Amino acid sequence: MELLTIHIPENAKTDLVFYVNGKKVVESEPDPEWTLLWYLRKKLHLTGTKYGCGEGGCGACTVMVSQYLKLEDRVKHIAVNACLTPVCAMHGLAVTTVEGIGSTQDRLHPVQERLAKAHGSQCGFCTPGIVMSMYALLRSKEKICYSDIDTALQGNLCRCTGYRPIIEAFKTFGEAWEINYVNAKGSSSCAMGDNCCRNKKAEENNKNELFRKSSFVPYDATQEPIFPPELKLNNSYSESYLMFKGENVIWIRPQNLEDLIVLKNKYPNSKIVIGNTEIGVEMKFKKIKYPILLCPTMIPEMYICDATKEELTIGAAVSLNEVNSFLNRQLKLDTSRGQVFEAIINILHWFAGNQVRNVASLIGNIVTASPISDLNPILMACSAVLNIYSLDKGHRKVVIDSDFFVSYRKTLLRDNDIVVSIEIPFTNNQHFFKAYKQSRRRNDDISIVTAAFSVKFIDKVISEIKICYGGMGPTTICAVNSCNLIKGCCWNKNMLNKVMDSLTHELKLDISVPGGMAIYRKSLCLSLFYKFYLHVLSDLTSATGDNLINSQLYGINDLHICEPKSSQYFDLKNDAIEISDCVGKPVPHISAMKQATGEAMYCDDIPHIEGELFLTLVLSTESHARIKSIDASKALSISGVEQFLSAVDIDAEFNKVGPLIKDEQIFSSNIVSSRSCVIGAVVAKSEMIARKAKDLVTVTYDPIQPTIVTLEDAIVHRSFFSGSPVSLKKGDLIEVFSNSFHIIEGHVRSGAQEHFYLETMSAYAVRKEDELEIICSSQNPAEIAQIVSRVLRIPNHKVVCKVKRLGGAFGGKETRAMMLAVPVAIAAYKLNKPVRGVLDRDEDMQTTGYRHPFLIKYKVAFDDDGKIFGAAIDIYCNGGFSMDLSSALVSRSIAHIDNCYNIPNVEVNAYICKTNLPSNTAFRGFGAPQVMFAAENMIRDIAANLDKTYEEIAILNMYREGDLTHYNQSLKYCTLSRCWNECIENSAYWRRKVEVDEFNKMNRWKKKGIAIVPTKYGISFQSDVLMQAGALLLVYNDGSVLLSIGGVEMGQGLFTKMIQVASRALDLDISKIHISEMSTDKVPNSSPTAASISSDLYGMAVIDACTILKERLESYKIKNPNGKWEDWVMAAYLDRVNLSATGYYSAPKIEYNDKTNSGNIYEYFTYGAGCSEVIIDCLTGDHQVLRSDIVMDLGESINPAIDIGQIEGAFMQGYGFFTMEEMLFLPTGEILSKGPGTYKIPGFSDIPKEFNVSLLKGAPNPRAVYSSKAVGEPPLFLAASVFFAIKEAIKSARIDAGVKPDFVLHAPATCERIRMACEDEFTEKVKPTISKEGQQWNVVA
């Protein structure tokens, strides 16, 4: 490395200079391994920019980077992922973070204000990134439309909101009043003229709406901060030779191409960095070292965009979005010769996220040589040409052809070659070109298969053809044999049959192929070529006047992108009551403004303290093994490593943990039962040191057989937790099955679902004398404090656990937070220093467990009408390696196996399977959605058996008021039929069902489906001890109120609702009431914030505390009836009256007796119904939700905005569960889905194109606070309406193909499962050709 300085000019700059939020930053010793995110958070303490995944897949870290383009005399603004962006790349640039555009102290930027007021922020962790993506769009484009917003947000994810309110907030920037604002400045009248909101009738302005656009401050681009003048005036920033040297990596920015060529020749293994979107991931997750990084961003030859008569030339450093803009400009000049350009533009829309496209380059995509590249098949099919330079060979041209990609991630390029530019050819009139991509999620997803097809004709005969695929082997391939076979053929059915047969034999995959899905991938190759065949045929026939069957034509195009619309219907019960009473009003989330400005603090945002240490976990690399030895000596030898903790540091008795039974260990001592088991923990002076050291801990194992991964494995090996099966019986099934006319059997499966909360597990602990304070991301801080006090053998009153807010949880942080929080607390106490720990996304997904996979087998008896007499049901759920909450979850599953249907005779046997996977845990719905899904399948099976409609069978068996459940609880205030009927009416269900049938008759390759499902969700912990809550109310003598409760705010709006409850109970405006955090030293012995019941429990406790306090003030109010709250409080204070009160509530005891199967399990039920319509592409398995209508009975809502947000968020989370979210495992138990790159949650473009939510009116709930109902979990199952609509669409396709319409479809209904269920001639050709040799690559848990 020392020799490198010989090639560096003496005047090379070694200081990194850039601007952040208008302030100059000079870093004298920048380390090339630092990311911009790390620098912002750790060096500049700007914690508004969040860490979500570390791989550019979630957008939580989005910031805006601005650059002055001297030749164009303009400033370019782009959104980037700070987690991938090297801070060294920021030299001479200006960075804007969420803190730099607005604050609650000064003023909010319109983007921040609108998102907050439109209820677009729940947990808030994703909010700063979403704000910055939208802000960058506003700064880069004067007039925006919905498609701009859709594109700008492609790289951002949100797990809470369901996206609708965010979209609604941002759409206002494209509305007429906003666009016309600039023209109206300086005028006293509104640009909207007569349509101004001031001119509308009062009742119009006061109609029920979740937010009022009239309250928004118009956006004025002239008020934005200016670009730093120094960066414009000082040319040295863009012209200087740069060298930044770190401990392991050197970063060089040469001034010209000659310097770059010399360096690359001298150091051929050096890496050229443009956007760092690939290298950054490799360095972080694959631990690949690149000692020398070369940044060519100032080399003009690599930034060209030029056009000749024959081709376009694009420089190697041009970003993908700049490529997109350049190609679009060319198409405007001449559309007739730009089919290749159109193909690239179309694929680029689905390529990664906008933040990645802003910095990644086309050439980077080529030289990375990914076998699933989106663009390489296009470049191969069009025979694009690379311009290459090297010191020894000078300039040469290389064609991207079938020989260019030589092996996995390898090309013909030599190590010292530099790609300077690429030439992409024009097409002509007799040339047809098209590209396709198939992925799990449409936006921002790696491809499963990509394809590009090019065909040229001479006199209607194929003169040249290229059929290129990605995802069909270790490299991008061209099907040369098939191409040669059909040269000279006419474009007709005979040619199609030839090429299909040829491709079937030329493309070879077996079941062990990496990536799995062998049959699907090969079927896609045929399906995509068939799409191209139709595309070309339609053009050829239109030119000749021939006719093509219309039912085939609709199969040509992909599913359309369209602007979503929505409606929300609710009652404003409280609109005419006291202004201080906010119950029933759509009050924005109390922290929304702080979340939108980045001021809201999460666990890892706590400022660093001098001497603070960082802890990282050492995880098992085996799924089932005996630990032979642990050697941490190499880790401990690294400077900065303080200690290695393991099982030897804890007494064996206190090393055991578990919420129900203590069958886990904090640190594994002898046997590891999954790859989530913690071997030990490294504690060091910094995160970088700790992570480096943990990789040096050596653990040796003796593998134990068998390794059990799947439910089927567990059943074969009888691997069940003790107590299995858990059973419930009602009635006499033997008699029922003996005397029934109809008996059918069925089964259905649902997979694991990752919580994917945006904030990964975090913990911070500090010892204070002999006390310990823990701040962590837990839904159950009281349990964390109890475990820590037990392990350290100190009293619970000396361990305080606090939670300010969580960046999402969904059940995943109820018990699993202890995996990190307890080791952090142990380290802090033992070392007497502050200790922090934060899991990387891949660590979080490897360790914290998922929604339980279920296999359910059922046998049901019914009569000729479809009336159910009885059902025998076996439930198998994958609990993972430890019990965790599985036994409690199974109890809820058993109670919800009926969903909404009266089954008079039932026998349920539930088995908790013990496997070598991470311990599965609570997840929104807690075992209910999986079994309700089985109930819906059962109802549909009955309908199919009797040749009746689902609706007939559902209505016949649906619960009614006073009915008894299978556990003999009487249903009171049952609004199920009302929800169902209102949903039918609101959705125009019967009319649309006819329209769907008509559509399907007219179309072969696109099919629609529509379905409706009801839901009934029981509200209770099902455990008396947890059905209690406490509150502490403190009134200060200025009249302000501080409220503390035992519940945790995690985006569900609990704190906001409790402030609203207190506002009514105290007759006080909400601005005077504050909740700071949950802390175990304020409210002890709290239950976990879970089961959707926190508002019910804590609401009653808050009312209790407020009532006590109000009674104390009553006499002062009587004495001074004209006084204000502050007057009464001060009078009481001067009179030495206690101005604090504790409130407490315990729910009525559960009356259920499991021995007699009688009594009430639940406080009440939340009911609802959902209807969804979808369209599927039978050739690819893609689908789109066209419309969803939801009706929910939430009693009298405390906050309609929060409740509707919960409904939409739950629905979208359920949509992910039922359609796209799929955890992949190797047969060895290794987890393959470890981040957003391999695990896909729904994105912005996945929401229903029409999304209508209605709260049932006139249905108060007498059993909860202010007649409200619980909302968090009940709506999730309504997303099953999408699943069953997909299934209906598939049925239509199967009928057209002459295949039996009845089939089993497991959840999730991924694109693979949809396509393979749409059996046709292509799938039938493929199936026999897939080799069964070897072990299947992946398994379903």
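Not measured: the values here are computed from a predicted model. Both backbone and side-chain heavy atoms feed into the values below; hydrogens, waters and symmetry mates do not.
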Checklist line | Tyr19 side chain near Ser66 side chain, heavy-atom distance below 4.5 Å | finding: no
Next item on the list: Check salt bridge (charged side-chain N to carboxylate O under 4.0 Å, His left out) between Asp148 and all other residues, then give those that pass, not counting sequence neighbours.
Entry: Lys141
Check: Are the charged groups of Arg41 and Asp605 less than 4.0 angstrom apart, N to O?
Finding: yes
Checklist line | Atom pair CD (Gln438) and CH2 (Trp350), whose distance is rounded to the nearest 0.5 Å | finding: 11.0 Å
Next item on the list: Taking Asp445 for its side chain and Arg440 for its backbone only, find out whether a donor-acceptor pair lies under 3.5 Å.
Entry: yes
Next item on the list: Could you note down all residue pairs passing salt bridge (charged side-chain N to carboxylate O under 4.0 Å, His left out) where residues 290-306 supplies at least one of them, sequence neighbours left out?
Entry: none
Notebook entry, point to check: Should Lys437 and Asp374 count as an ion pair when the cut-off is N to O under 4.0 Å?
Noted result: yes
Next item on the list: Test Asn387 against Ser421 for side-chain hydrogen bond (donor to acceptor under 3.5 Å, both in side chains), laying out the working first.
Entry: CA-CA 5 Å; Asn387 289 308; Ser421 61; 2.9 Å; yes
Check: When you look at Lys50 and Glu759, which way does the side chain to side chain contact (heavy atoms under 4.5 Å, CB included) test go after all the steps?
Finding: CA-CA 8 Å; Lys50 307 300 183 190; Glu759 177 202 28; over 6 Å; no
Check: Are His395 and Tyr389 an aromatic pair by the rule of ring centers under 6.0 Å?
Finding: yes
Next item on the list: Run through Lys284, Arg691, Lys1234 and flag the one making a salt bridge (Lys or Arg N to Asp or Glu O under 4.0 Å) with Glu843.
Entry: Arg691
Notebook entry, point to check: Any ion pair linking Glu55 and Arg841 (charged N to carboxylate O, less than 4.0 Å)?
Noted result: no
Item checked: Partners passing ring pair (Phe, Tyr, Trp, His ring centres under 6.0 Å) against Tyr68 (at least two apart in sequence or in another chain) -> none
Check: Do Ile314 and Ile424 touch side chain to side chain, with heavy atoms closer than 4.5 Å?
Finding: yes
Margin query: I'd like to know if Lys76 and Glu322 make a salt bridge, using a cut-off of under 4.0 Å between side-chain N and carboxylate O.
Written below: yes
Next item on the list: For residues Ser240 and Lys13, report the shortest heavy-atom separation together with the two atoms involved.
Entry: CB-CG, 3.6 Å
Margin query: Side chains of Val262 and Asn265, heavy atoms from C-beta outward: is any pair under 4.5 Å?
Written below: no
Note to self: Could you check whether any side-chain heavy atom of Ile274 comes within less than 4.5 Å of a side-chain heavy atom of Pro296, counting everything from C-beta outward?
What the structure shows: yes
Margin query: Suppose the criterion is ring-ring contact (aromatic ring centres under 6.0 Å, His included): which pairs have a residue in residues 272-303, not counting sequence neighbours?
Written below: none
Check: In terms of the angle between their ring planes, are Tyr163 and Phe1244 parallel, tilted or perpendicular, with boundaries placed at 30° and 60°?
Finding: tilted
Next item on the list: List the steps and the verdict of side chain to side chain contact (heavy atoms under 4.5 Å, CB included) for Lys43 and Val20.
Entry: CA-CA 12 Å; Lys43 283 271 191 173; Val20 176; over 6 Å; no
Item checked: Distance-minimising heavy-atom pair for Gly338 and Leu331 -> O-CD2, 3.6 Å
Item checked: Chi angles and distances behind the side-chain hydrogen bond (donor to acceptor under 3.5 Å, both in side chains) call for Gln67, Tyr237 -> CA-CA 11 Å; Gln67 178 184 17; Tyr237 289 119; over 6 Å; no
Check: Which residue pairs pass the side-chain hydrogen bond (donor to acceptor under 3.5 Å, both in side chains) test when at least one of the two sits in residues 323-333, sequence neighbours left out?
Finding: none
Next item on the list: Any chance you could measure Arg357, atom CZ, to Leu320, atom CG, to the nearest 0.5 Å?
Entry: 8.0 Å
Margin query: Within a 6.0 Å radius of atom NZ on Lys42, are there more than 12 heavy atoms belonging to other residues, nucleotides or ligands?
Written below: yes
Next item on the list: Among Ile422, Thr411, Leu412, Asn376, find the one that has a side chain to side chain contact (heavy atoms under 4.5 Å, CB included) with Ile400.
Entry: Ile422
Notebook entry, point to check: Can Ile166 and Leu115 be said to form a side chain to side chain contact (heavy atoms under 4.5 Å, CB included), step by step?
Noted result: CA-CA 6 Å; Ile166 301 171; Leu115 189 66; 3.7 Å; yes
Next item on the list: Give, for atom OG1 of Thr97 and atom OH of Tyr135, the distance between the pair rounded to the nearest 0.5 Å.
Entry: 10.5 Å
Margin query: Testing the basics here: between Ile304 and Val318, what is the closest heavy-atom pair and its distance to 0.1 Å?
Written below: O-CG2, 3.7 Å
Notebook entry, point to check: Is any side-chain heavy atom of His109 less than 4.5 Å from a side-chain heavy atom of Leu138?
Noted result: yes
Margin query: If I compare all heavy atoms of Ile372 with all of Ser447, which pair ends up nearest, and what's the gap?
Written below: O-OG, 2.6 Å
Margin query: Could you report the tightest heavy-atom contact between Ile378 and Ala343, atom names first, then the distance?
Written below: CD1-O, 3.9 Å
Notebook entry, point to check: Can you check side chain to side chain contact (heavy atoms under 4.5 Å, CB included) on Leu379 and Phe404, steps first, answer last?
Noted result: CA-CA 11 Å; Leu379 302 172; Phe404 180 76; over 6 Å; no
Checklist line | Heavy-atom side-chain proximity of Asp15 to Ser28 below 4.5 angstrom | finding: yes
Notebook entry, point to check: For the atom pair CG (Leu157) and SG (Cys53), what is the distance rounded to the nearest 0.5 Å?
Noted result: 8.0 Å
Checklist line | Salt-bridge criterion met for Lys1240 and Asp444 (N-O under 4.0 Å) | finding: no
Item checked: Close side-chain approach of Arg139 and Thr96, heavy atoms under 4.5 Å -> no
Check: Do the rings of Trp38 and Trp34 sit parallel, tilted or perpendicular, given the 30° and 60° boundaries?
Finding: parallel
Mind listing the side-chain donor-acceptor pairs of residues 126-134 below 3.5 Å, one per line with the distance, residues two or more places apart or on another chain?
from	atom 1	to	atom 2	distance (Å)
Thr127	OG1	Ser121	OG	2.8
Thr127	OG1	Gly124	O	3.4
Ser133	OG	Gly129	O	3.3
Ser133	OG	Asn156	OD1	2.7
Ser133	OG	Gln355	NE2	3.3

Note to self: Is it the case that atom CG in Leu333 sees more than 12 heavy atoms from other parts of the structure closer than 6.0 Å?
What the structure shows: yes
Margin query: I need the Met64 CE to Leu137 CG distance, nearest 0.5 Å.
Written below: 11.5 Å
Check: Which is it for Glu278 and Arg409 under the salt bridge (charged side-chain N to carboxylate O under 4.0 Å, His left out) test, yes or no, and what are the steps along the way?
Finding: CA-CA 12 Å; Glu278 182 70 24; Arg409 298 274 183 171; 3.1 Å; yes
Item checked: Where Leu758 and Ala60 come nearest, the two heavy atoms and their spacing -> CD1-CB, 4.4 Å
Check: Which value, rounded to the nearest 0.5 Å, describes the distance between Leu386 atom CG and Leu413 atom CG?
Finding: 6.5 Å
Notebook entry, point to check: More than 12 heavy atoms of other residues, nucleotides or ligands under 6.0 Å from CD of Glu29: is that the case?
Noted result: no
Checklist line | More than 12 heavy atoms from other groups under 6.0 Å of NZ on Lys397 | finding: yes
Next item on the list: Begin from the C-alpha positions of Asn234 and Ser236 and carry the test side-chain hydrogen bond (donor to acceptor under 3.5 Å, both in side chains) through to its verdict.
Entry: CA-CA 6 Å; Asn234 191 338; Ser236 68; 2.6 Å; yes
